[in-house]
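These notes concern the structure reproduced below.
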Amino acid sequence: MGAKKILSYGRSVLVMLLVLYLILVWMYFKDNARQLTSSGLLLWFVTIPLLFLGSIMALLWWQKKLDKQTTDSPEILDGTTDKTDTIKPPNTYQLFIYSRVCLPEGDCWSEVVDNVADLTVLSEDLTDIDGMPMLVKPIARLPDAAALPYPNISDAYSADSEFDDSYSDHYLDSNSDLDSHIDDERFTERKAALNDTTLRLQALIYEQLVLSEEMLSSLAEHFYQHHQQDMTQSNAAIHIHPEWQQHYLVSTNEVSSENNSSKKNSDDKMTAASAGHLTNLPIYLCLPASADSAFLIATIKEQLATYGIPDTRLAITTIITDSTDVANTVANHSANNTAIATPTEFINRHLLPLSKSTAPDLCLILIADSQISEEWLDTHLYSEQMTNVIPTEAGALLLFSNQAAQELLNIDASTRILLTEIGTAHRTELLSDKRRYLNHLTTIKSLLIDNMLSLSPTDTTTLKTPDKQTVKSAKQSSDISSKEKYKTNVAMSDMAITAMSDINPLKQSYDLSTYMSFLEAFIAQGALVNEHHLGHYMPLNNWLKPFISLSLFIDLAKEDQQESDISFLITQHKHCNMLWLLDSSPTSES
């Protein structure tokens with residue numbers, strides 16, 4: 001990188017010197033035209049400038065040569081080489097994903113992609129800079145926030161809200177009845193002051209959780225089975241004399257152990273679940289900054305309680321999503337404050353360690369945003385990015401779990417995905433975004449074609465993985481013997497491939513052209529490729545863009561597994577790309 005930087009600076013200096021030289025020579029001979037002879041004209045205006053240009057072109061050629069070496073170095077695909085050393089492929093992680101999406105077009109793949117109706121309407125409350133009613137694109141089927149059933153929300157909201165110190169100190173010595181009355185009054189005041197964004201997000205979150213009823217019921221059943229007995233024992237021991245509490249617990253444990261031994265004889269499935277259990281449910285709530293996060297957290301806790309998931313098992317972290325810089329603030333209501341600036345950080349900090357864990361582990365990310373509000377327009381209406389943008393709203397819910405958690409919960413609607421992160425920071429830090437994207441797609445192309453679109457988890461030192469399959473190469477050649485273990489005997493000709501991306505075709509024409517060239521390599525191998533681009537849903541939200549695409553990808557993979565032999569999604573991020581590959585291998589079934 002140092003050599004390329006020196007070459008770039010050298011070219012810039014030579015260009016500046018050439019321009020300065022021509023200006024000075026022209027100014028000199030302008031006043032001394034008689035001194036300019038034919039030989040002088042050839043020397044000063046032809047020979048010396050050509051020397052400058054030759055030096056500049058030489059430096060440019062040298063830099064392009066270094067760029068080509070950097071681009072070609074990650075994937076050594078030359079079949080004539082006899083070297084035995086090989087480039088280690090990037091790590092691939094196995095995840096089980098349950099997803100739900102909520103868009104104006106619909107809640108599933110068929111409704112969203114096939115919907116060609118005009119869903120825009122004129123807002124009665126919002127106006128543009130000219131005072132005319134704005135076109136907006138709401139989710140028409142969402143219920144009214146005022147009609148949602150939250151009878152006990154005031155208690156949960158009072159526990160999560162940050163009340164003013166002066167307000168609390170004023171009633172510090174009051175009795176419990178007065179405190180309850182004050183909390184109800186405080187809740188009523190705060191609820192009346194909620195902005196349009198919070199109320200709309202409340203309805204959006206409610207709808208997403210209702211759509212996830214099957215998954216939430218499975219989680220509630222697990223928490224009940226593995227934690228109800230401990231809670232019953234501890235509560236019963238409270239009413240026993242302190243000197244007899246320990247004896248009571250010991251006797252209770254003996255009785256429960258006898259009952260458990262009899263149950264194990266009649267139910268073999270409980271042996272696998274007894275190896276571990278989930279201690280809590282981490283929830284990452286991604287909201288715009290204008291939303292009242294405490295109120296929305298209270299609604300989530302109460303709604304989950306209706307399914308049987310107590311708030312003591314919830315660890316909710318709020319992530320602000322509408323900030324364009326890396327200074328996104330994170331308010332963690334159950335642990336120390338941390339900073340998650342981008343979806344890439346979320347993936348590396350939570351999903352990858354989750355995949356490698358042997359203990360049952362999962363996390364739920366809930367993303368909701370609504371642009372149909374005065375708060376959003378005040379922030380974005382005069383921005384340059386608001387050109388031809390119609391305010392809309394969307395939500396995505398995804399539950400990520402590892403193999404141990406999937407075996408424990410057995411959520412039928414979960415889809416097994418192989419996640420591969422493509423991108424090396426120290427190799428691409430000085431490259432432009434366009435060049436970096438091209439390099440990442442080149443690596444993905446080589447990785448998929450070289451493995452015949454059949455990857456397997458590679459960073460699985462602690463995972464329970466199935467026995468490795470016997471790998472056979474389609475071509476018996478000594479020049480690719482170093483890559484035999486990464487290939488399978490799968491013919492790509494006439495294979496049906498579904499390729500998705502989170503590219504916005506209206507704003508990323510260059511990336512779209514690069515991506516189409518990337519797909520041509522699979523078409524050249526004889527594969528039938530069907531591509532979809534999903535980045536135009538919910539613009540101006542860097543969190544919803546990749547995760548809405550992932551939700552739709554999961555939904556299609558679950559519905560139409562027979563339509564395509566291979567399905568994958570590529571999501572763009574700041575310095576890397578994520579390859580989400582549908583794992584259809586029967587050997588990895590839990």
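Worth saying up front: this structure is predicted, and the values here are computed from it rather than measured.
Contacts of D107 classified as salt bridge (charged side-chain N to carboxylate O under 4.0 Å, His left out), with partners at least two apart in sequence or in another chain: R141. Remark: H573 pairs with no residue by the ring pair (Phe, Tyr, Trp, His ring centres under 6.0 Å) rule, at least two apart or across chains.
One N or O on the side chain of D565 and one on the backbone of A496 form a donor-acceptor pair closer than 3.5 Å. At least one donor-acceptor pair under 3.5 Å links the side chain of T392 to the backbone N or O of K137. Between the side chain of S513 and the backbone N or O of S509, no donor-acceptor pair lies under 3.5 Å. The main-chain N or O of T442 is found under 3.5 Å from a side-chain atom of S446 such that the two form a donor-acceptor pair. Remark: the backbone N or O of P539 is paired with a side-chain donor or acceptor of Q371 at under 3.5 angstrom. No donor-acceptor pair closer than 3.5 Å links the side chain of R11 to the backbone N or O of L59. Counting only distance, with no hydrogens or angles, the side chain of N402 and the backbone of S357 share a donor-acceptor pair below 3.5 Å.
Ring planes of F29 and F45: tilted class, angle from 30 to 60°. Using cut-offs of 30° and 60° on the angle between ring planes, the pair F547 and W543 is parallel. Using bins of under 30°, 30° to 60° and over 60° for the plane-to-plane angle, the ring pair F518/F568 lands in the perpendicular bin.
Aromatic ring centroids of H350 and F400 lie 6.0 Å or more apart.
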Item to complete: List the steps and the verdict of side-chain contact (heavy atoms from CB on, under 4.5 Å) for W376 and S290.
Response: CA-CA 8 Å; W376 189 85; S290 59; over 6 Å; no
Discussion item. Assess the residue pair K574 and T342 against the criterion (side-chain contact (heavy atoms from CB on, under 4.5 Å)); give the C-alpha distance rounded to whole Å, side-chain angles, the decisive distance to 0.1 Å, and a yes or no.
Written reply: CA-CA 9 Å; K574 183 65 175 177; T342 62; 5.9 Å; no
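Salt bridge status for E520 with K445: absent, with no side-chain N to carboxylate O gap under 4.0 Å.
Note that OH of Y93 and OG1 of T420 are 9.0 Å apart. Values are rounded to the nearest 0.5 Å.
Among all heavy-atom pairs drawn from P49 and L18, the shortest one is CA-CD1, 4.0 Å. Residue E421 comes nearest to T344 through the heavy atom pair OE2-CG2, 4.3 Å, listed as atom of the first residue, atom of the second, then distance.
For T571 and W580, the side-chain atoms include at least one donor-acceptor pair closer than 3.5 Å.
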